[in-house]
Asks: 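Before I ask anything, let me first share the structure, which is written out below as structure tokens.
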Amino acid sequence: MTSASLPTPAISALPDAPERRAPVVVIGAGPAGLTVANILRAASVDCVVLETESREFIERRPRAGFVEEWAVRALEERGFAEGITARAQAHHECEFRWAGERRTFRYGELSGRRHFVYPQPLLVTDLVRAYADRAGGDIRFGVRDVTLHGMDTARPAVSYTDPETGQRVRVDCVAVAGCDGARGVTRASLPAERVSVARHDYGIGWLALLAEAPPSSDCVVFGLHPRGFAAHMARSPRMTRYYLECPPGDDPDNWSYDRIWSELRTRLDAAGARPLTEGRLIEKRVLDMHNYVVEPMSYGRLHLAGDAAHLAAPIAAKGMNLALHDALLLGDALVARWAEGDGSGLRGYSDAALRRVWQYEEFSEWFSEVLHGTSSGDPFKAGTAAARLRRLFGSPTAATAFADLYIGNEVDN
């Protein structure tokens, strides 16, 4: 791990007159921000959600698709999982393709838990409808130049430019939930001398693909091949997510349609495997694999959640689940503070969230060594990856431990 500091935030003047007051301002309308907002709204705690993109954009933006069972159950208990329970596919096994063979790993039998396939745009759509359409919550899309003021004072505020009037608007608040992602203003607003960022770069890239093609397997498939890692992940009966290992910083234009499908067929080939169904590629982008963790996740009246606080590369499908875990903790802590006068949850929020963050980060790093060892070009890494796979399928103890980490659990270790 290496450490880096955040940039020193810019200082700007507050607008003269506030538009309104609210106990909480939520910045970012992704899964984390919308979950926090719905928890607050359900408890009659007033809040304002600020989002720089349009509603149409966030409801269509392709992102993660796997939700762990503990997260589904937590959302269901709060009345926010109607779409997931009605439409999501449940997965209870995955498949490793390695050295021309197929090995099925039945984590559902070992852990008693499942994954739910529910693309992030669908979850975001459900949460927006619950907050804005059904509960009448205040959410403002397309805002510009969001600025935080006085996060370390007793009078914090958030200002922004209204997209319709072009005027600056200020919201006086008591707390801010920073849920606006890795490039958002909340993370950049943290003072460099008060926080640090632990970062790990994997030195590889993944070509992320979304194909308009039916899945070729009923479960997630991990292809371990000397030419590079590949993955197949069903998204719907008509859509499939694929990944191909590539050099970091690679240009997606280097990958033609024919090259992509040729590499997918080669890297996912195994005895008895169904042929891949080709289809139009509606997304093609390169992700440089890296993780980071911001510590602490709270500064004064500002509390970060989701990718604003940490990033887990999509190696183990943990990102959206971590965001939901943060949001559930933070939402409950904010409600306890304003509805019950109990501030202990907010004071302990960062430490409580980071326990699961580091657990998932460690598993992602371990799993990356398994998935990329074969293609590393390093005989030692390839040998240790092979040893781990043999142990995974040969030791009930190792299999149970892997299943527990892969699917996640309700209690942080």
Asks: For a side chain to side chain contact (heavy atoms under 4.5 Å, CB included) check, start with the C-alpha distance between Arg170 and Val158, then their side-chain angles and the critical distance, and finish with the verdict.
Replies: CA-CA 6 Å; Arg170 187 180 83 207; Val158 178; over 6 Å; no

Asks: Cationic tip of Arg103 within the cone over Phe393's six-membered ring, i.e. under 6.0 Å and within 45° of the normal?
Replies: yes

Asks: Sub-3.5 Å donor-acceptor pair from the side chain of Asn38 to the main-chain atoms of Tyr131, do we have one?
Replies: yes

Asks: Is any side-chain heavy atom of Arg337 less than 4.5 Å from a side-chain heavy atom of Asp342?
Replies: no

Asks: Apply the test salt bridge (charged side-chain N to carboxylate O under 4.0 Å, His left out) to residues Arg97 and Glu101: give CA-CA distance (whole Å), side-chain angles for both, the deciding distance (0.1 Å), then the verdict.
Replies: CA-CA 6 Å; Arg97 296 182 183 176; Glu101 297 183 355; over 6 Å; no

Asks: Judged by modelled atom types alone, do Tyr202 and Asn291 share a side-chain donor-acceptor pair under 3.5 Å?
Replies: yes

Asks: I want to check something: taking the side chain as every heavy atom from C-beta on, are Leu148 and Ile27 in contact at a cut-off of under 4.5 Å?
Replies: yes

Asks: Tell me yes or no: between the side chains of His149 and Ser159, is some donor less than 3.5 Å from an acceptor?
Replies: yes

Asks: Looking at side-chain heavy atoms only, is the closest gap between Gln167 and Thr161 below 4.5 Å?
Replies: no

Asks: Taking the side chain as every heavy atom from C-beta outward, state whether Thr104 and Phe96 have any pair of such atoms under 4.5 Å apart.
Replies: no

Asks: For a 4.5 angstrom cut-off between non-hydrogen side-chain atoms, does Met233 reach Thr240?
Replies: no

Asks: For the atom pair SG (Cys94) and CZ (Phe105), what is the distance rounded to the nearest 0.5 Å?
Replies: 6.5 Å

Asks: Any side-chain heavy atom of Trp338 sitting closer than 4.5 Å to one from Val24?
Replies: yes

Asks: Is there a donor in the side chain of Ser217 and an acceptor in the side chain of His232, or the other way round, less than 3.5 Å apart?
Replies: no

Asks: Are the aromatic ring centres of Tyr406 and His115 under 6.0 angstrom apart?
Replies: yes

Asks: Testing the basics here: between Ala175 and Leu334, what is the closest heavy-atom pair and its distance to 0.1 Å?
Replies: CB-CD2, 4.0 Å

Asks: At their closest point, which heavy atom of Ser236 faces which heavy atom of Gln89, and how far apart are they?
Replies: CA-NE2, 3.7 Å

Asks: Using 4.0 Å as the upper bound for N to carboxylate O, is an ion pair formed by Arg20 and Asp46?
Replies: yes

Asks: Kindly say whether Ser364 contributes a backbone atom to a donor-acceptor pair with the side chain of Ser368 at under 3.5 angstrom?
Replies: no

Asks: Which distance, rounded to the nearest 0.5 Å, do you find between the OG1 of Thr35 and the CG of Leu75?
Replies: 5.5 Å

Asks: What is the distance from atom CZ of Phe141 to atom OG1 of Thr52, rounded to the nearest 0.5 Å?
Replies: 10.5 Å

Asks: Under a 3.5 Å distance rule, please check whether Arg61 uses its side chain to pair with a backbone N or O of Gly30 as donor and acceptor.
Replies: no

Asks: Considering only NZ, NE, NH1 and NH2 on the basic side and carboxylate oxygens on the acidic side, decide whether Glu51 and Arg140 come within less than 4.0 Å.
Replies: no

Asks: Would you please test Asp288 and Trp206 for side chain to side chain donor-acceptor pair (under 3.5 Å) and show each step?
Replies: CA-CA 6 Å; Asp288 290 344; Trp206 278 12; over 6 Å; no

Asks: Start with the C-alpha gap between Leu330 and Met297, add the side-chain angles, then the distance that decides, and say whether side chain to side chain contact (heavy atoms under 4.5 Å, CB included) holds.
Replies: CA-CA 11 Å; Leu330 182 55; Met297 290 170 55; over 6 Å; no

Asks: Is a donor from one side chain sitting under 3.5 angstrom from an acceptor on the other, for Asp126 and Tyr118?
Replies: yes

Asks: Do Leu244 and Leu209 come within less than 4.5 Å of each other through their side chains, counting heavy atoms only?
Replies: yes

Asks: Does a side chain donor of either Asp326 or His310 reach within less than 3.5 Å of an acceptor in the other side chain?
Replies: yes

Asks: Might you point out which heavy atoms bring Pro31 and Leu127 nearest each other, and give the distance in Å?
Replies: O-CD1, 4.0 Å

Asks: Would you give the length of the straight line joining atom CG of Asp404 to atom CG of Leu110, rounded to the nearest 0.5 angstrom?
Replies: 10.0 Å

Asks: Cation-pi check for Trp70 against Arg114: NZ or CZ below 6.0 Å from the six-membered ring centre and within 45 degrees of the axis, yes or no?
Replies: no

Asks: Give a yes or no on whether a salt bridge exists between Asp133 and Arg55, defined as a side-chain N under 4.0 angstrom from a carboxylate O.
Replies: yes

Asks: Can you check whether Phe363 and Trp358 have ring centres sitting under 6.0 Å from each other?
Replies: no

Asks: Write down the atom of Ala333, the atom of Leu346, and the distance for their closest heavy-atom approach.
Replies: CB-N, 3.6 Å

Asks: Take the angle between the ring planes of Phe402 and Trp366 and call it parallel below 30°, perpendicular above 60°, tilted in between.
Replies: tilted

Asks: Could you check whether Glu76 and Thr85, counting side-chain N and O atoms only, form a donor-acceptor pair closer than 3.5 Å?
Replies: no

Asks: CD1 of Ile58 to OG1 of Thr125: how many Å apart, nearest 0.5 Å?
Replies: 7.5 Å

Asks: Among Ile39, Val72, Leu123, exactly one meets side chain to side chain contact (heavy atoms under 4.5 Å, CB included) together with Phe80. Which residue is that?
Replies: Ile39

Asks: For Trp98 together with His225, are the ring centres under 6.0 Å from each other?
Replies: no

Asks: Quick one: pull up NZ in Lys318 and CG in Leu311 and give me the separation to the nearest 0.5 Å.
Replies: 14.5 Å

Asks: Keeping the roles fixed (side chain from Asp201, backbone from Gly203), state whether a donor-acceptor pair exists under 3.5 Å.
Replies: no

Asks: Between the main-chain N or O of Asp250 and the side-chain N or O of Asn254, is there a donor-acceptor pair closer than 3.5 Å?
Replies: no

Asks: Hey, are Arg73 and Glu69 close enough for a salt bridge, meaning a charged N less than 4.0 Å from a carboxylate O?
Replies: yes

Asks: Please indicate whether Arg238 has more than 12 foreign heavy atoms, meaning atoms of other residues, nucleotides or ligands, lying under 6.0 Å from its CZ.
Replies: no

Asks: Between Thr147 and Asp145, is there a donor-acceptor pair closer than 3.5 Å when you use the side chain of the first and the backbone of the second?
Replies: yes

Asks: Examine distances only and state if a side-chain atom of Arg301 and a backbone atom of Ala157 form a donor-acceptor pair shorter than 3.5 Å.
Replies: no

Asks: Spell out, as yes or no, whether a donor-acceptor pair under 3.5 Å connects the side chain of Ser216 to the backbone of Thr277.
Replies: yes

Asks: With a distance cut-off below 6.0 Å to the six-membered ring centre and an angular limit of 45° from the axis, does Arg388 pair with Phe367 as a cation-pi contact?
Replies: no

Asks: Taking the basic N atoms (NZ, or NE/NH1/NH2) and the acidic carboxylate oxygens, is any pair closer than 4.0 Å for Glu283 and Arg285?
Replies: yes

Asks: Is the closest side-chain donor-acceptor distance between His372 and Ser376 under 3.5 Å?
Replies: no

Asks: Applying side chain to side chain contact (heavy atoms under 4.5 Å, CB included), run through Asp172 and Arg155 and close with a yes or a no.
Replies: CA-CA 7 Å; Asp172 291 327; Arg155 299 184 61 188; 5.5 Å; no

Asks: Where do Val48 and Val26 land on the side chain to side chain contact (heavy atoms under 4.5 Å, CB included) test, with the steps shown first?
Replies: CA-CA 6 Å; Val48 179; Val26 178; over 6 Å; no

Asks: Of the non-hydrogen atoms in Pro23 and Val45, which two are nearest, and what is the gap between them?
Replies: CB-CG1, 4.3 Å

Asks: For the aromatic rings, using the six-membered ring if either is Trp, is the centroid distance between Phe222 and Tyr243 under 6.0 Å?
Replies: no

Asks: Is there a donor-acceptor contact under 3.5 Å linking the side chains of Tyr299 and Asp152?
Replies: yes

Asks: Does some side-chain heavy atom of Val293 sit less than 4.5 Å from a side-chain heavy atom of Val197?
Replies: no

Asks: Check whether any side-chain N or O of Glu245 sits under 3.5 Å from a backbone N or O of Gly228 as a donor-acceptor pair, and report yes or no.
Replies: no

